Engineer: 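Take a look at this one; I'll ask things after.
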Amino acid sequence: MPFLSDTLNAVQPSLTIAVTTKAAELRAAGRDIISLGAGEPDFNTPAHIRAAGIAAIEEGRVKYTAPDGIPELKVAISEKFRRDNQLSYDPTQVSVSSGGKQVLYNALMATLNPGDEVIVPAPYWTSYPDMVRLCGGTPVILEAGLEAAFKLTPEALEAAITPATKWLIFNSPSNPTGAGYAWDELKALTDVLMRHPHVWVMSDDMYEHLIYGDFEFCSPAEVEPGLYDRTLTVNGVSKSYAMTGWRIGYAGGPKHLIDAMRKVQSQSTSNPCAISQWASLEALSGTQDFLADNRALFQRRRDLVVAALNAIDGIECPVPDGAFYVYPSIAGLMGKTAPSGVVIANDEDFATALLEETGVAVVFGAAFGLSPYFRVSYATSEEALAEACARIKAFCDRLS
Ligand code: GLU
């Protein structure tokens, strides 16, 4: 009898985490590594938020809390949804978990039965399909490449829906592409969903505040109020507030789903870290002024990286609307040979050779379900980005 479950054997470990871990190991071993792997801001959590965490420790607010969040934080999240998204979620319709990942996992665990299908547009954030599999469902992958601006079309969505479809996982701005759906583009998708009342939407809004130029963020239940009763609106403090390690994600949704998610969490982790919850309360209800500064900072980095990558023969890098990733195509480099003799047959070969030969860590496109591409996280200093892009150019120029 095999020891590991068939369910576990059907999934792979998170490749974004694997690349980040590998880069850290190489650096610890003394290699000169620039990691463009991890999707997390390179600066500290703002001081007033850190202070709220310290105060929670000092004041002894360190005990178990309600399994899916302290009431004060649920109220702040409810107000955040009203303020930023014109969505009315009562605090009883709010769930708080250890990161956006746990929110998504709870919702899938609470709702999927064997045979249930979940539509996942590709390129996707690496964990979506494997979370679906872990929870017993079947991911249905819909590819949209560079020529489609990495966006799902209403026609493709319509064609993919079957009687077994339970969820669409929607993510804008997207990890890994940074592509964002404008209001009318999203409305075209929600119009399709309105014709299929059995399909729910899980909207991962994690990059809501990281948007550039004139792009305006919108969320499915905001664009189509008719979907409110079958939408889970997911968000978190990790990216916008530089709080990745605090692990706080949250969602608003129909009360019966939130209750079911609480049941899953009460039998797994119980409450997310109490200290992090108090810090997140400050993040969401304190000043939001620094968000604009962060946006300006990331937009400069985006522009630097896009320009530098587009100057490389064989790389084509579209300009993303948000998040802190670019997802350039390397179709022009496939089949070439590195000076080491390694043939670059796919994007994993490219990322591996790039790391070995230049010390630049990126995540290969296959991890996100669409090749041949690679993901750069530009949440690092401009100096490091410029140096990394110079190394990528030198590497690509040496391919023959
Ligand atoms: N979401 C981030 C990324 O894509 C953090 C790592 C993870 O959880 O995947 O890099």
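Each ligand, and each atom within it, is numbered from 1 in the order the structure gives. Just so it is clear, the structure is predicted and the values come from calculations on it, not from any experiment.
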Engineer: Please confirm whether S127 comes within less than 3.5 Å of ligand 1 when only nitrogen or oxygen atoms on both sides are compared.
Structural biologist: no
Engineer: Pairs of nitrogen or oxygen atoms closer than 3.5 Å, one from T126 and one from ligand 1: do any exist?
Structural biologist: no
Engineer: Hey, which atoms in ligand 1 end up nearer than 4.0 Å to a heavy atom of T16?
Structural biologist: 4 (O), 6 (C), 7 (C), 9 (O), 10 (O)
Engineer: Do I315 and I330 have side chains that approach each other closer than 4.5 Å (heavy atoms only, starting at C-beta)?
Structural biologist: yes
Engineer: Backbone, side chain, both or neither: what part of E40 comes under 4.0 angstrom of ligand 1, heavy atoms only?
Structural biologist: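 None of E40 does.
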Engineer: Look at atom 8 (O) of ligand 1 and say which protein heavy atom is nearest, naming residue and atom and giving the distance to 0.1 Å.
Structural biologist: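 Residue, atom and distance for the closest contact: K101 NZ, 2.9 Å.
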Engineer: Report the part of F368 (side chain from C-beta onward, or backbone N, CA, C, O) that has a heavy atom under 4.0 Å from ligand 1; answer both or neither where that applies.
Structural biologist: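 Neither part.
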Engineer: Looking only at distances, please establish whether an N/O atom of ligand 1 is found under 3.5 Å from an N/O atom of G39.
Structural biologist: yes
Engineer: Counting heavy atoms not belonging to D214, are there more than 12 under 6.0 Å from its CG?
Structural biologist: no
Engineer: Atom CD of residue position E216 - does it have more than 12 heavy atoms of other residues, nucleotides or ligands inside 6.0 Å?
Structural biologist: no
Engineer: Look at atom NZ of K151 and say whether more than 12 heavy atoms of other residues, nucleotides or ligands are closer to it than 6.0 Å.
Structural biologist: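 Counting neighbours around NZ of K151, more than 12 heavy atoms of other residues, nucleotides or ligands fall under 6.0 Å, so yes.
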Engineer: Of the side chain and backbone of M206, name the one, both, or neither that has a heavy atom under 4.0 Å from an atom of ligand 1.
Structural biologist: neither
Engineer: Are the side chains of Y250 and K74 in touch, meaning some heavy atoms are under 4.5 Å apart?
Structural biologist: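 They are not in contact (no side-chain heavy atoms under 4.5 Å apart), so the answer is no.
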Engineer: I need the nearest protein heavy-atom contact for atom 1 (N) of ligand 1: residue, atom name and distance, please.
Structural biologist: K239 NZ, 3.1 Å
Engineer: Honestly curious: do Y325 and W125 fall in one hydrophobic cluster under the side-chain, below-4.5 Å linking rule?
Structural biologist: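 Result: no, two separate clusters.
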Engineer: Which bit of V363 gets closer than 4.0 Å to ligand 1, counting heavy atoms only: side chain, backbone, both or neither?
Structural biologist: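 Contact part for V363 vs ligand 1: neither.
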Engineer: Does CG in D313 sit with more than 12 non-hydrogen atoms of other residues, nucleotides or ligands closer than 6.0 Å?
Structural biologist: no
Engineer: Quick one: which ligand 1 atoms are inside 4.0 Å of a heavy atom on N175?
Structural biologist: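 The atoms of ligand 1 under 4.0 Å from a heavy atom of N175 are 1 (N), 3 (C), 4 (O).
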Engineer: Between Y378 and Y212, what is the ring plane arrangement, given parallel below 30°, perpendicular above 60°, and tilted in between?
Structural biologist: tilted
Engineer: Would you mind running through ligand 1 and noting each atom that sits below 4.0 Å from a heavy atom of R375?
Structural biologist: 3 (C), 4 (O), 10 (O)
